[in-house]
Every structure is written in structure tokens, then in C-alpha cells.
There are 2 protein chains.
Amino acid sequence: MAPAVEQFVLRWGDLGGQWGVNRSVAQIHALLYLAERPITAEDIADALGMARSNVSNSIRELLGWKLIRRVPVLGDRRDHYEAETDLWQMATRIAQGRKQREIDPAVAALRHVVDAAEDDPRVSRVARDRLRAMQGFVATLDDWYDQMLAVPPNKIMALIKLGSRVVNLLSFGRGKKGADKDGKD
Amino acid sequence: MAPAVEQFVLRWGDLGGQWGVNRSVAQIHALLYLAERPITAEDIADALGMARSNVSNSIRELLGWKLIRRVPVLGDRRDHYEAETDLWQMATRIAQGRKQREIDPAVAALRHVVDAAEDDPRVSRVARDRLRAMQGFVATLDDWYDQMLAVPPNKIMALIKLGSRVVNLLSFGRGKKGADKDGKD
DNA sequence: CAGTTATTTCTGCAGAAAGAGAAATCACTG
DNA sequence: CAGTGATTTCTCTTTCTGCAGAAATAACTG
């Protein structure tokens, strides 16, 4: 394996660790992302020096995230895998997964807490207000997140390319300071 | 401590754990967020049942993220702390912190890997292309992130309230399907 | 300068998580 | 039904991380 590829695999694996994805999973994903053609589980285990079982479990997780897919290869009974290479698809799927697994439960928990606080006279007025504020805020973000995930990738890309200029293109460019016209507000 | 408050502290603490913030830090933050008035490190240790030293370290971290601040109290030599209660400030500071600590290193690492790949004949054409694509993608997102953090909170809020309708308000609403006018594309 | 309060650093412990490998089970093919 | 590949489950080991507490240091006050 070329040093650069190896580096990428290692870095990506490490990165995954920081983001709550386990290292093996991230490494396998990295390897498949750079692979020219579909490869088998055994090849993966071989290339990365990890146990077959570990590869099997990790593949299962990656399939769950829809970041890789199984592809049949003529004349070979073994399963081969290839990665999703459309980066927007990738990003979207990761974002969806994280939202479902982390954000949604948080929102639910928060709602529950706020409900409990409403009925409790021992909770100060200040605390109650802050809880409500937090709940509203999170709900707003959550809603936004959903909407953005529903917008087709190419349009999102256009939005991003616009960057902060989007602010000026819309009506609320009428802020106090008049002349910040170059995306640097 | 009222049950609802305790619940919030616990939930928030737990949530922090999932996001790479350690539990004590998140709990202290939750407690301060709901507090009516500035409180001392000792009170915190007391309320949450953790060691003074632990509180001291956690406070230091929270100060680093600028999520809480020190405030003097008349007639009391001890230090008191209060939380930032503006949720947009909070979100912005967390986002900035995470970017600095996680995204930026990743971008740098990726750039490094791409450079290495360019000079290496052992790296296949496909792999090289994919690395470049990844690098470009991440750089774009990184740039966007920076720009958004620079936009004042109230404008961001306006954008978010618009949600996916923002797409239609801008010129590239001329997609194939004509009539999706209610934010549900 | 003595006494009090805060911070900081270091060390050790405990719990959680990750990964590896063995073995059992399942599925398919000829 | 024998043989091969794949998945799944279980357990063991190892590694990490969080947290507590002790001790050293620093800052301030009367």
C-alpha cells in the first residue's frame, strides 16, 4: 500500500475516533473510498491487519450508514464492497445518522425536562425561563437541520458557495452598518 | 435541588459525554445555566457531589470556552461564576471551539496527505482524484463555516427561520419541478 | 508575616470501550 | 449432503478516559 494511502487511512481512522465513530470502521471506509475497484472483506482484513470478524462487524455498520454498498463480481462468489464516492451523499448520510442518534434523543430529553419543570413550584422563575429558552432554541435548530437535509445537494452547494453573501442578497441586508458588500461582514 | 433541575443537569452532562465534552464540565455548565445568581466553586462541588479540584479544572475549561465567566460579589472574597445565557453566544462559542480543535487539524492533515499523494507514483489515478475531491470538499465546508460564524447572530437567526425557503428566494429556484412553494421541497 | 482562599499539578483508581480471535451458525452451491 | 464463504456471538485482553484526592503553589488581606 502506498504511503500516502496508508497515511490517509490512519488519519481518517483517527478522525473517526474523535467523532465517535470507531477507528476500525473509519479505516475501512477510508480504504474503500480510495479503492479503484470493489474489494472483499478478506482483502480489507489483510490490508489493514485486523481480524476478519472485526471487518465483518465494521462493514455491517458502514452498510447501516449507507456509506458503502455490496456489489457482486462476476465469477467470484465472495462479497465485494465499494464506497459511496459522492461526497455530498456521504456528508448527508453522516449528518442524518448523527442527528437521529444524538440530536433527536437530546431534543426529546429536553422537552421532557421542560415539562417536568412547568409543574414544579420548587423551580425558580429564572430557571424555568431558561429551560424554555433552551428548548425553543434546540427545537428551532432541529427543524432547520431537517429542512436542510431535504434540500437537494446541488442547491446546498450553491448556497455554500455563496457563503455569507447570502445574507446581503436577502432583504434583511438593511442593517445599521451600510457598506459591507464583500462577504466580509 | 428541584428534581427538574437535577434532571436537566444529568441529561446535559450525559449529552456532553456523547459530544466529547466531559461529564463534569457539562454538568457544571448546566447548573450555572439555571442558577439565579453567581455561585462559588465550593457551592458547585457541593451541589453536584464532586471533588473541589475537579470543579476547579472544569471551571477552567468552561472559562476557556467562554461559556461561563467570573464575577466578583460584594463583601465576599471568594470567586463566583455565572453562565453565558445568550444561547446564540453559546452556540457560536461551542462551534468555534469545536472547529479549532477538531476540524482545522483534520483539514491540515488532509492537505498534507494530498501533497504526499501528488508526488507518489504508487498512488493510483483514481485514489489521487478522490483525495483531491475530498480535500476540496472539506476546504469548502471549512470556509463556509468560518463565514457563517462571522455573520451576526440575529441575521443567522433570520436565515434559519427561513429554513429551506431560502433556496426558493434565490435565483436558482428555477429547478425542474416548478411548484414547491411551502418549504417542503 | 501569618492565615485564608484559589488554582494547579500529579498520581492512582475505576469503569467503559475497543479490538481481537475462537467458535457456532447460517446460506448457498455444485 | 459435503464444502466453502459469510456472519454472528461471546469472551478476553488491552487501552483510554474521567474523576478524586493529596500536595505544592500562588494571590491576597489584615
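In what follows, chains are A, B, ... by sequence order, proteins preceding strands, each numbered from 1.
The CD1-P distance, from A/I59 to D/dA6, rounds to 10 Å in whole Å. Between A/L48 atom CG and C/dA18 atom C1' there is a gap of 16 Å when expressed in whole angstrom units. The nearest whole Å value for the distance from the OH atom in A/Y81 to the C1' atom in D/dA6 is 8 Å. A/I39 has its CD1 atom 17 Å from the C1' atom of D/dA6, to the nearest Å. One atom, CD of A/E61, and another, P of C/dA17, lie 14 Å apart when rounded to the nearest Å. In this structure, the CD atom of A/E42 is 16 Å from the C1' atom of C/dA20, given to the nearest Å. Rounded to an integer number of Å, the gap from A/I28 CD1 to D/dT7 P is 11 Å. Whole-Å rounding puts the B/D76 CG to D/dT29 P distance at 13 Å.
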Query raised in the report: Between B/Q147 and B/D143, does a side chain to side chain donor-acceptor pair (under 3.5 Å) hold up when you go through it step by step?
Result: CA-CA 6 Å; B/Q147 291 190 46; B/D143 186 48; 3.1 Å; yes
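Note on B/N57: a base of the nucleic acid sits closer than 4.0 angstrom, heavy atoms only. A/S24 comes within contact range of the sugar-phosphate backbone alone, with a heavy-atom separation under 4.0 Å but no base atom that close. In this structure, B/R78 reaches the sugar-phosphate backbone alone: every heavy-atom distance under 4.0 Å involves primed, P, OP1 or OP2 atoms, never a base. Residue B/S56 is in base contact, counting any heavy-atom pair closer than 4.0 Å across all strands shown. Residue A/R52 is in base contact, counting any heavy-atom pair closer than 4.0 Å across all strands shown.
Separating the OH atom in A/Y81 from the CG atom in A/L63 is a distance of 6.0 Å, to the nearest 0.5 Å.
Toward the 5' end of DNA chain C, the nearer of the two residues A/V21 and A/S53, judged by each one's closest nucleotide, is A/V21. Place A/T40 and B/N54 on DNA chain D by their nearest nucleotides, and A/T40 ends up nearer the 5' end.
Listed nucleotides: D/dC19, C/dT7, C/dT8. Nearest to the side chain of B/R23: D/dC19. Set against C/dT8, C/dA6, D/dT7, the side chain of B/D79 has C/dA6 as its closest nucleotide.
Scanning atom types as modelled, one donor and one acceptor separated by under 3.5 angstrom connect the side chain of A/R77 and the base of D/dT4.
Below 30°, between 30° and 60°, or above 60°: for A/F137 and B/W88 the angle between ring planes is above 60°, a perpendicular geometry.
A salt bridge does not link A/D14 with A/R11: every distance from a Lys NZ or Arg NE/NH1/NH2 to an Asp or Glu carboxylate oxygen is 4.0 Å or more.
A/N22 has no side-chain polar atom (N or O) that falls below the 4.0 Å cut-off from OP1 or OP2 of C/dA17.
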